[in-house]
*Asks:* 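Okay, handing you the structure first.
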Amino acid sequence: MKKIFMALAMAVLSVPSFAQTSSGGFSLDEEHLYYGVRVGFNVSGISGEKNINEYSDSKAGMVLGGVIGLRVSNSAPVFLESGLYYSEKGGKRGNEKVSLNYLEIPILIKYGFKVTDDISVIPLLGPYFSMAISGKAKTEEGKHSSFNDGWFRHPDMGFKIGCGAEYSNLYLEMGYQFGIADISDADNYSAHGHNFFMNFGVNF
């Protein structure tokens with residue numbers, strides 16, 4: 001997976017600037033459909049009850065994804081964006097560490113503000129839906145799956161808020177995700193994920 005991440009990152013960095021036919025143009029009298037690729041990283045943690053499923057110390061992970069966006073208003077630069085991400089999350093507690101690796105689908109509303117002829121600022125907000133596909137826990141008792149009985153559940157959902165910036169077709173975004181689904185599999189205890197993210201990519 002690290003080799004794939006490095007290959008995609010090099011591909012994104014080597015892409016030349018395209019003509020402004022993507023969301024960066026924000027022409028108010030035209031509709032736009034754009035596609036994009038994203039690479040980035042998470043800084044995540046898990047908030048739980050009574051220290052049972054709490055791993056609130058930060059854990060870093062990578063992000064890989066592809067997106068598709070559609071302009072949904074003829075009179076304003078409002079876009080609906082979705083896609084599919086591979087997103088590494090989890091958390092730490094002392095020497096213990098939990099990893100939760102998700103396939104994630106966001107549904108985001110984005111609004112573009114032109115700062116200059118070439119630069120646009122794009123706030124974003126919307127829900128995300130995730131399904132964990134792998135994960136390991138390293139504890140004092142040893143290593144095991146993060147989804148053993150009494151640990152964590154596979155599905156997650158929450159909200160994503162942040163802001164992006166686009167120069168020509170190059171795109172950078174930062175933001176925060178907070179889970180509203182209970183991802184704990186322990187009886188009588190709940191846990192929720194939270195995550196800071198930064199993604200870089202290209203829209204075309």
Side-chain angles (χ1 to χ4, degrees), residues 1-13 34-48 53-69 79-93 96-110 122-138 145-147 151-165 170-185 190-203:
M1 185 57 68
K2 290 183 179 180
K3 292 182 179 179
I4 296 175
F5 173 72
M6 293 300 298
L8 286 176
M10 292 178 65
V12 170
L13 292 174
Y34 66 90
Y35 305 89
V37 293
R38 303 285 186 263
V39 296
F41 65 90
N42 294 323
V43 180
S44 60
I46 301 171
S47 299
N53 285 111
E54 182 173 35
Y55 290 84
S56 57
D57 293 342
S58 297
K59 175 188 176 297
M62 69 177 182
V63 179
L64 301 171
V67 302
I68 180 171
F79 293 82
L80 180 66
E81 182 181 286
S82 188
L84 180 64
Y85 289 81
Y86 169 78
S87 184
E88 295 181 344
K89 301 179 182 180
K92 295 180 180 180
R93 181 176 65 203
E96 299 184 351
K97 180 172 68 173
V98 170
S99 65
L100 300 169
N101 304 321
Y102 291 95
L103 290 180
E104 180 179 296
I105 298 176
I107 302 175
L108 303 175
I109 295 293
K110 307 177 77 172
I122 313 165
L124 59 94
L125 173 67
Y128 67 88
F129 305 90
S130 302
M131 179 62 68
I133 57 173
S134 64
K136 293 183 179 180
K138 179 182 177 182
S145 171
S146 298
F147 309 103
W151 281 77
F152 296 97
R153 300 171 180 169
H154 289 270
D156 186 23
M157 68 170 295
F159 285 90
K160 187 173 184 177
I161 185 171
C163 189
L170 301 179
Y171 181 77
L172 176 69
E173 66 180 8
M174 295 181 289
Y176 182 71
Q177 290 177 289
F178 55 95
I180 61 173
D182 181 8
I183 61 174
S184 173
D185 195 43
S190 64
H192 300 86
H194 52 87
N195 177 57
F196 290 95
F197 64 89
M198 177 182 288
N199 296 326
F200 175 75
V202 174
N203 290 334

*Asks:* Return yes if some donor-acceptor pair links the side-chain N/O of H194 with the main-chain N/O of F178 below 3.5 Å, else return no.
*Replies:* no

*Asks:* Using every non-hydrogen atom in the two residues, find where G83 and P106 come nearest and quote the distance to one decimal.
*Replies:* O-CD, 3.6 Å

*Asks:* Is the closest side-chain heavy-atom distance between L125 and I161 below 4.5 Å?
*Replies:* yes

*Asks:* Would you check if the side chain of R153 reaches a backbone N or O of S184 as a donor-acceptor pair within less than 3.5 Å?
*Replies:* yes

*Asks:* Do K89 and Y128 form a cation-pi contact, if we require the NZ or CZ to be under 6.0 Å from the six-membered ring centre and within 45 degrees of the ring's axis?
*Replies:* yes

*Asks:* Decide yes or no for M157 and I183: does some side-chain heavy atom of the first lie under 4.5 Å from some side-chain heavy atom of the second?
*Replies:* no

*Asks:* Establish, yes or no, whether a centroid distance under 6.0 Å links the rings of Y176 and F196.
*Replies:* yes

*Asks:* Would you indicate whether the side-chain heavy atoms of N199 and F197 approach each other to under 4.5 Å?
*Replies:* yes

*Asks:* At what distance, to the nearest 0.5 angstrom, does CE of M131 lie from CG of D156?
*Replies:* 9.5 Å

*Asks:* When rounded to the nearest 0.5 angstrom, what distance separates CG in D57 from CD in E96?
*Replies:* 10.5 Å

*Asks:* Show your working on side chain to side chain contact (heavy atoms under 4.5 Å, CB included) between V202 and L170 and close with a plain yes or no.
*Replies:* CA-CA 5 Å; V202 174; L170 301 179; 3.9 Å; yes

*Asks:* Rounded to the nearest 0.5 Å, what separates atom CZ in F152 from atom CG in D185?
*Replies:* 10.0 Å

*Asks:* Would you please test I105 and L84 for side chain to side chain contact (heavy atoms under 4.5 Å, CB included) and show each step?
*Replies:* CA-CA 5 Å; I105 298 176; L84 180 64; 4.0 Å; yes

*Asks:* Which heavy-atom pair separates L124 from G164 by the least distance, and what is that distance?
*Replies:* CD2-N, 4.4 Å

*Asks:* Going by heavy atoms in the side chains, are L172 and M198 under 4.5 Å from each other?
*Replies:* yes

*Asks:* Measure across F147 and G135 and return the closest heavy-atom pair with its distance rounded to 0.1 Å.
*Replies:* CE1-N, 3.7 Å

*Asks:* What's the spacing between L103 CG and F129 CZ if we round to 0.5 Å?
*Replies:* 15.0 Å

*Asks:* Can K110 be said to sit on top of Y34's aromatic six-ring, NZ or CZ under 6.0 Å from centre and within 45° of the ring axis?
*Replies:* no

*Asks:* For L108 and F79, what are the C-alpha separation, side-chain angles and deciding distance, and is it a side chain to side chain contact (heavy atoms under 4.5 Å, CB included)?
*Replies:* CA-CA 8 Å; L108 303 175; F79 293 82; over 6 Å; no

*Asks:* Per the side-chain hydrogen bond (donor to acceptor under 3.5 Å, both in side chains) rule, which among S134, S130, S87 passes with N101?
*Replies:* S134

*Asks:* How long is the span from the CD atom in E81 to the CD1 atom in I122, to the nearest 0.5 Å?
*Replies:* 8.5 Å

*Asks:* Would you list the pairs meeting salt bridge (Lys or Arg N to Asp or Glu O under 4.0 Å) in which at least one residue belongs to residues 170-183, sequence neighbours left out?
*Replies:* none

*Asks:* Distance-only, no hydrogens or angles: does the S146 side chain make a donor-acceptor pair with backbone N or O of S99 under 3.5 Å?
*Replies:* yes

*Asks:* What's the spacing between F41 CZ and E88 CD if we round to 0.5 Å?
*Replies:* 13.0 Å

